[in-house]
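Sequence lines set the chain letters: A, B, ... in the order given, protein chains first and strands last, and positions in each chain run from 1.
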Protein chains: 2
Amino acid sequence: MARIPDPTAKIALLRTATDVFAERGLEGAKVEDITRRARQSKGAFYLHFQSKEDAFRQVVEAFLARLADIYKSPKDFETLPASGAEVVRFWLERDEQMLEFLWQNRSVVTMVAGCQGQNAYLLDAFRLEVRRTCRAWVELSQKRGMMDSKLSSELVATLVCGAYDELCRQMIRSPRKPPILDWLRQTLAIFLRGLGTPTLLRALDRAHVLQARVLDAKTTSAKTPVNRSRGVAVSRRSLRPTYE
Amino acid sequence: MARIPDPTAKIALLRTATDVFAERGLEGAKVEDITRRARQSKGAFYLHFQSKEDAFRQVVEAFLARLADIYKSPKDFETLPASGAEVVRFWLERDEQMLEFLWQNRSVVTMVAGCQGQNAYLLDAFRLEVRRTCRAWVELSQKRGMMDSKLSSELVATLVCGAYDELCRQMIRSPRKPPILDWLRQTLAIFLRGLGTPTLLRALDRAHVLQARVLDAKTTSAKTPVNRSRGVAVSRRSLRPTYE
DNA sequence: GGAATTATTGACTGGTGAGTCAGTAACCTT
DNA sequence: AAGGTTACTGACTCACCAGTCAATAATTCC
């Protein structure tokens, strides 16, 4: 009977390809480099992938698919937090989950960030998806009287996405995972103050939320496990497991 | 006697190279494409540049040099605004000047954004320069009691730079120059609210600055010409004039 | 018009690397 | 052990393109 494919071959190629693409970009990466590092042959590479670009696209598309399961739209939630302290806790959890995911996939994030020319659409797809979801949250917050509705939701989404994008960039360039939760607490406080309606701000002050207490690690991440999600099926095209 | 060099040849090559590099990145750009569009020969290209990469670096370094003259550190200013309304006006002018400069040089900005692999240092240099200047302003604002000094200046600089970076990105992807001043007014209001000390916020409220009035175009850009700068020599390596 | 000199040209060279494919290895069945 | 089938190998092909350089053009002076 026939030879059985090596089950780890494609995984090794994808993992190594991710690293080489992250370092050098699609055009700077050599198939020879990928296959040498993965201890496979070029023939094996072309057995699993149509082309170098095909491999690149598979990595990025798998990542984008999993991102959709991490960064969810308001309509994917059955219930939403009502009180001031719950709102803060809710956002810290979501933000930390998102940054944790990006940290675990920082090679792919670097790959996506480097997409240009005829692969620019992949970076565009990533940004558009994140922006759209962020905007949906902004519009809901405005509708619920938590965020200043005179502000352009498009502009607010731009600013918030840009700020978090740069946070992510700073995180990824660190050799070790930095104190993300600390960063997120200050960031959330700034945006709540900058965007929140007087109603929300009063509620947050009453709950002493914008001071150190509720934003403290002990009252946030200790109680609720990070990465808990609900209501949506897990990613179907997760080829590369996240790793540290 | 000898043949006189064509004075416009290098300019044409630089201008066209900028466009091709912006579209396809350094590695995707072909010298043949550049020279054909510029109506020059490859020999002429190599007469003016050591290599394709040399041309790329000349464009980016000239841009970074001019950026230093646009986005100045606090210590480059003789006087700084004191009152609430003056602070707002000051920042709107500076922000508009910066975005105007980036708009005029949007091809180069796209080039820089695409730097990766062994050219990543150019993007790093750009980001570091902007970040460092932003952080200097943040620290001065904190020292002058205008900005919450409990906040990490590094984090604030990260968030502000990230937000404005994304604004810039949105602007650049527009076929026509969008209403930058409108964007900047809302952005500045959000960050002043998010970061300002109670003292500054009271002063701004007293001057009705965070409402539509002082942020109105008629009281800002009409009085003070944009792009006015002082005290620092103009860029020495400005090869490519800015254009629309 | 010819000479001397410098600028410019674009056919050409040589290196690179994506992708191919004939040969070999690994598997199971007979 | 041999046969049939599929996975895998890595030398090889060939297209591509950065960079070169012999030939030509353009200039001024005599």
Query raised in the report: Expressed in angstrom and rounded to an integer, what is the separation of Phe45(B) atom CZ from dT8(C) atom P?
Result: 15 Å
Report task. Provide, to the nearest angstrom, the distance between the OH atom belonging to Tyr46(B) and the C1' atom belonging to dT6(C). Result -> 22 Å
Requested in this report: May I ask you to say whether Asp69(B) pairs ionically with Arg66(B), meaning some side-chain N is under 4.0 Å from a carboxylate O?
Outcome: no
Query raised in the report: Should Asp124(A) and Arg127(A) count as an ion pair when the cut-off is N to O under 4.0 Å?
Result: no
Query raised in the report: Can you check the Phe56(B) CZ to dA18(D) P distance for me, whole Å?
Result: 14 Å
Report task. Strictly below 4.0 Å, heavy-atom distances to any atom of DNA chain D: list the hits from residues 22-42 of chain A, or just say none. Result -> Gln40(A), Ser41(A), Lys42(A)
Query raised in the report: Ile4(A) has a side chain; which of dT6(D), dC27(C), dT27(D) sits nearest to it?
Result: dC27(C)
Report task. May I have the distance from Leu13(A) (atom CG) to dC8(D) (atom C1'), rounded to whole angstrom? Result -> 11 Å
Requested in this report: Taking ring-ring contact (aromatic ring centres under 6.0 Å, His included) as the test, write out the residues that go with Tyr46(A), two or more places apart.
Outcome: none
Query - Minimum-distance nucleotide (side-chain atoms of Ser51(B) versus dG19(D), dT8(C), dT6(D)) - result: dG19(D)
Report summary line: Taken to the nearest whole Å, NE2/His48(A) to P/dG19(C) is 16 Å
Requested in this report: Using the test ring-ring contact (aromatic ring centres under 6.0 Å, His included), find all partners of Phe191(B) that sit at least two apart in sequence or belong to another chain.
Outcome: none
Query raised in the report: Does Gln142(A) reach the side chain of Glu139(A), with side-chain heavy atoms less than 4.5 Å apart?
Result: yes
Query raised in the report: Side chains of Ile34(A) and Phe21(A): does their closest heavy-atom pair fall under 4.5 Å?
Result: yes
Requested in this report: Calculate the interatomic distance between Arg3(B) atom CZ and dT27(D) atom P; express it in whole Å.
Outcome: 6 Å
Report task. Figure out the CG/P separation between Leu47(B) and dA18(D), and round it to whole Å. Result -> 18 Å
Requested in this report: Mind calculating the distance between CG (Asp6(B)) and P (dT6(C)) to the nearest angstrom?
Outcome: 18 Å
